[in-house]
Amino acid sequence: MKNEQEKNAGRITDPVTGPAVLSAPILSTFFNNPTDTQEWTELEGKVGKKADVAMVILAGGSGERFGRPGGKQLLKIFGKPVLSWAIEAFDAVEQVGHIVLVIPEDHFDEYIQEAVEPYGFVTPITYAKAGMIRQVSSMNGINAVPTEFKFIGIHDGARPLITPEVITHAINVLKGSVDSDGVIVGHPAIDTMKVIDGDTVVGTPDRSMFWIAQTPQIFHATICRSAHAAAIGEGYIGTDDSSLIERIGGKVLLVNSPRDNIKVTVPEDLGPVTAALERRLCDR
């Protein structure tokens with residue numbers, strides 16, 4: 001009788017916690033076919049007549065931690081760059097009327113030719129130069145957003161698993177809350193949290209108070225611009241865009257998003273991202 005490990009080999013279960021998502025068969029298949037040309041059903045691009053949200057997609061990372069010079073956003077998963085999967089999701093949301101891609105200045109042509117031009121996106125796309133740090137890249141993208149848009153969202157280009165449904169829900173929550181300045185997506189922390197001093201544990205906080213922040217993060221355009229200007233003027237470097245709004249007194253809501261909205265940061269992330277994307281595509 002086969003043991004449990006043999007029976008489960010290659011089986012795709014939960015996209016994050018399931019043991020099979022990092023199994024040798026899946027990773028082997030991915031790395032042996034990094035430019036797989038399997039055709040999948042594309043999401044339908046659309047722009048509504050009253051589209052009032054502009055999305056800034058950050059793709060300025062150097063790829064040092066991932067080990068891919070020029071950025072992991074051009075790495076292909078099922079024949080399409082990581083960045084293109086993210087763009088496709090926003091292109092399919094009718095409330096999004098403009099996309100600003102923030103990309104490395106020395107890779108402009110490469111990103112446009114590989115991640116944008118082959119896919120016929122409907123939403124207008126313009127470009128901004130990436131900065132030395134994420135906050136500067138974000139500000140450069142925000143400054144490139146046309147002034148007529150009432151809301152500005154920021155998304156990591158290395159999160160290819162974001163869905164139009166999550167994006168739409170986040171936008172609607174913000175628009176439906178008259179006293180809120182922004183909305184971010186995320187999920188409750190499931191691990192036990194520890195407070196340390198050096199390498200010594202000094203406390204175990206109640207994890208029900210902690211959520212894992214993801215992107216997109218969407219804000220009223222006015223406070224988004226003000227928060228970034230204040231941070232730069234005062235030399236403050238935040239951990240994300242929401243932290244800049246929070247520090248000037250803005251109210252930010254957090255809405256639930258699937259845990260598989262993973263950011264591709266290191267090679268180990270490819271296993272769960274590929275498994276989750278494959279399952280999603282097979283369901284289309």
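The model shown is predicted, which means the values in this text are computed figures rather than measured ones.
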With rounding to the nearest 0.5 Å, note down the distance linking [atom1] in [X] to [atom2] in [Y].
X: I99; Y: H155; atom1: CD1; atom2: NE2; answer: 10.5 Å
X: D181; Y: I223; atom1: CG; atom2: CD1; answer: 3.5 Å
X: I167; Y: N172; atom1: CD1; atom2: CG; answer: 12.0 Å
X: R225; Y: T222; atom1: CZ; atom2: OG1; answer: 7.5 Å
X: L270; Y: L277; atom1: CG; atom2: CG; answer: 11.5 Å
X: Q135; Y: H228; atom1: CD; atom2: NE2; answer: 6.0 Å

Within the side chain of [X], is there an N or O that forms a donor-acceptor pair under 3.5 Å with the backbone of [Y]?
X: S137; Y: G131; result: yes
X: D156; Y: A158; result: no
X: R280; Y: L161; result: yes
X: Q217; Y: Q214; result: yes
X: R207; Y: I190; result: yes

On a heavy-atom basis, which atom in [X] and which in [Y] lie closest, and how many Å separate them?
X: A115; Y: P81; answer: CA-CG, 4.3 Å
X: F219; Y: G182; answer: CD2-CA, 3.6 Å
X: P164; Y: A89; answer: CG-O, 3.6 Å
X: N261; Y: T215; answer: ND2-O, 2.9 Å
X: K263; Y: D269; answer: O-OD2, 3.3 Å
X: A221; Y: F149; answer: CB-O, 3.5 Å

Option passing side-chain hydrogen bond (donor to acceptor under 3.5 Å, both in side chains) with H98 (candidates D52, T126, T123):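 Answer after filtering D52, T126, T123: T126.
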Within the 4.5 Å heavy-atom criterion, are [X] and [Y] side-chain neighbours or not?
X: Y127; Y: V116; answer: yes
X: D91; Y: L43; answer: no
X: V53; Y: M55; answer: yes
X: L174; Y: H220; answer: yes
X: V273; Y: V82; answer: no

Going through the distances and angles, do W85 and F78 end up as a side-chain contact (heavy atoms from CB on, under 4.5 Å)? CA-CA 10 Å; W85 286 112; F78 296 121; 4.2 Å; yes
In terms of hydrophobic clusters joined by side-chain contacts under 4.5 Å, are [X] and [Y] together?
X: I218; Y: I212; value: no
X: L254; Y: M193; value: no
X: V100; Y: V136; value: no
X: M139; Y: V56; value: no
X: I112; Y: I87; value: yes

Check the pair Y111, Q73 against side-chain contact (heavy atoms from CB on, under 4.5 Å), reporting the backbone distance first and the verdict last. CA-CA 9 Å; Y111 273 67; Q73 290 90 349; 3.5 Å; yes
Could you walk me through whether D240 and S242 pass the side chain to side chain donor-acceptor pair (under 3.5 Å) test, one step at a time? CA-CA 5 Å; D240 65 357; S242 178; 4.7 Å; no
Give the C-alpha distance, both sets of side-chain angles, the deciding distance and a yes or no for side-chain contact (heavy atoms from CB on, under 4.5 Å) between S257 and H187. CA-CA 6 Å; S257 174; H187 62 84; 5.8 Å; no
Run K80 and Y119 through side-chain contact (heavy atoms from CB on, under 4.5 Å) and show every step you take. CA-CA 9 Å; K80 183 182 295 184; Y119 301 103; 3.8 Å; yes
Say whether S138 and N140, considering side chains only, have a donor N or O and an acceptor N or O under 3.5 Å apart.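 Note: S138 and N140 side chains miss the donor-acceptor criterion.
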Please determine whether the number of non-hydrogen atoms from other residues, nucleotides or ligands lying under 6.0 Å from atom NZ of K129 exceeds 12. no
Would the number of heavy atoms belonging to other residues, nucleotides or ligands and lying under 6.0 Å from CG of D199 be above 12? no
Where do S243 and D241 land on the side chain to side chain donor-acceptor pair (under 3.5 Å) test, with the steps shown first? CA-CA 5 Å; S243 66; D241 295 275; over 6 Å; no
